[in-house]
Amino acid sequence: MKWGFVNFFRNGVVSLATVLVMSLSIFMIGSVIIGSSYLSTIISNLEEKVDISAYFKKTAPEQEILAAKTSIESLQDVRDVKYISADKSLELFRLRHQGESAILESLEVVGENPFSPSIEIHAKDPSKYEAISRFLESGRFDRILDVDEKGQKKITYRQNQLTIDKLSSLLSTARRAGIALSLILAIISMVVAFSTVRLAIYNAKDEISVMQLVGASRAFIRGPFLVEGVIHGIIAVLFTLAVLYPAFWIVGQKTSALFGELNIFDYFVSNFWQVATLLFVAGVALGTLSATFAIRRYLRV
């Protein structure tokens, strides 16, 4: 411990360079962690907003509609099914158009409730909506399903099929791209940090040779470098957190209009301790592993 701290301060510029390079590596890792988690939250929110609806005849008995709902809920691809009665649809329509007198007056002109009972279906995965739609169109619910002027069953999947398919493809691509980017940046971070720590150890090769000649044990030689690597990692993490805070604040200000309530700065603040813990683990591991591999491979200790 003592010689680890002594080496850290004695190396001066090399220690500073190592900390800055490791800070860059940890900054990249932290950005990937936050970015991937934030992207997953956005994707989950988008998936929540995707659904298909099936509309039933106004004369359809409510018991049969509820039986159909239960049958659909039993499908393994279905996450949840919500029944909305005709009266509930009317109530929701009135709430949605509060203050729009012309629209509300048109309801009074119609006189009766123009809405049909319906169910909203959320799938576990957007790619499963086609299979659910085929189940609805299979004929078992023809007696109660409503139809449009063309005789087509009123199931919104066919009208929204292109949008749902595009969203499903986008979400799948985003997930794969996020994983690939995370792996690439993690590898780059390891290589850069490893090279910098190797340089610091290379500067001490003569000192290490002398220690070997006078019979110093392998643990005695390695120990200070490992401690120094941990110090590099801890300071780099503290510096990185100090940079991430304003960086995410600026990004949040710039993107708040795009993502609405999903502000990346708020996400960072609400998950700060989890992120800090992960970065400290990553920083200590990066410093320790880089020192270990550099000593073993390049100095043959």
Side-chain angles (χ1 to χ4, degrees), residues 1-38 181-208 211 216 218-252 264-299 301:
M1 291 290 290
K2 174 187 173 182
W3 286 108
F5 279 96
V6 168
N7 290 344
F8 175 80
F9 290 105
R10 187 177 61 183
N11 288 333
V13 175
V14 175
S15 293
L16 178 62
T18 305
V19 168
L20 290 177
V21 171
M22 289 188 68
S23 297
L24 177 61
S25 301
I26 295 171
F27 180 85
M28 294 166 66
I29 293 172
S31 299
V32 168
I33 291 173
I34 292 291
S36 299
S37 301
Y38 183 64
L181 180 62
S182 300
L183 290 174
I184 291 171
L185 291 179
I187 292 171
I188 292 174
S189 300
M190 284 291 296
V191 171
V192 171
F194 173 76
S195 299
T196 309
V197 173
R198 181 183 58 149
L199 176 62
I201 295 175
Y202 180 81
N203 287 337
K205 63 176 182 178
D206 292 335
E207 181 181 339
I208 292 175
M211 286 192 288
R218 296 165 67 91
F220 183 86
I221 296 173
R222 280 199 181 100
F225 290 106
L226 297 179
V227 172
E228 193 176 354
V230 171
I231 296 172
H232 290 153
I234 292 174
I235 295 177
V237 170
L238 293 174
F239 179 75
T240 300
L241 290 173
V243 173
L244 282 175
Y245 194 90
F248 281 126
W249 182 83
I250 294 172
V251 173
I264 193 169
F265 176 71
D266 294 336
Y267 185 86
F268 172 68
V269 171
S270 62
N271 296 277
F272 178 81
W273 293 112
Q274 294 93 318
V275 174
T277 301
L278 285 173
L279 291 186
F280 272 110
V281 171
V284 171
L286 194 59
T288 305
L289 291 175
S290 298
T292 301
F293 292 142
I295 294 170
R296 177 180 301 172
R297 180 173 180 182
Y298 293 97
L299 300 181
V301 177

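Residue numbers start at 1 and run along the sequence shown. Not measured: the values here are computed from a predicted model.
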Taking all atoms of both residues into account, what is the closest heavy-atom pair of [X] and [Y], and its distance?
{"X": "A276", "Y": "L241", "answer": "CB-CD1, 4.0 Å"}
{"X": "I26", "Y": "A236", "answer": "CD1-CB, 3.7 Å"}
{"X": "I235", "Y": "V19", "answer": "CG2-CG1, 3.7 Å"}

Contact between [X] and [Y] at the side-chain level, heavy atoms closer than 4.5 Å - yes or no?
{"X": "V269", "Y": "Y245", "value": "yes"}
{"X": "L238", "Y": "F280", "value": "yes"}
{"X": "F27", "Y": "L244", "value": "yes"}

Query raised in the report: Parallel, tilted or perpendicular: which describes the rings of F268 and F265, with under 30° parallel and over 60° perpendicular?
Result: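 Tilted.
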Query raised in the report: Sub-3.5 Å donor-acceptor pair from the side chain of T288 to the main-chain atoms of V230, do we have one?
Result: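 Pair absent, no side-chain N/O of T288 close to backbone of V230.
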Query raised in the report: CG of D266 to CH2 of W249: how many Å apart, nearest 0.5 Å?
Result: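 Interatomic distance, D266 CG to W249 CH2, rounded to 0.5 Å: 12.0 Å.
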Query - CG-CD1 distance between L226 and I231, expressed to the nearest 0.5 angstrom - result: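 Output value for this atom pair is 11.0 Å.
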Report task. Apply the side-chain contact (heavy atoms from CB on, under 4.5 Å) test between V227 and each candidate in M1, K2, H232; give the one that qualifies. Result ->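 For V227, the side-chain contact (heavy atoms from CB on, under 4.5 Å) check succeeds only for M1.
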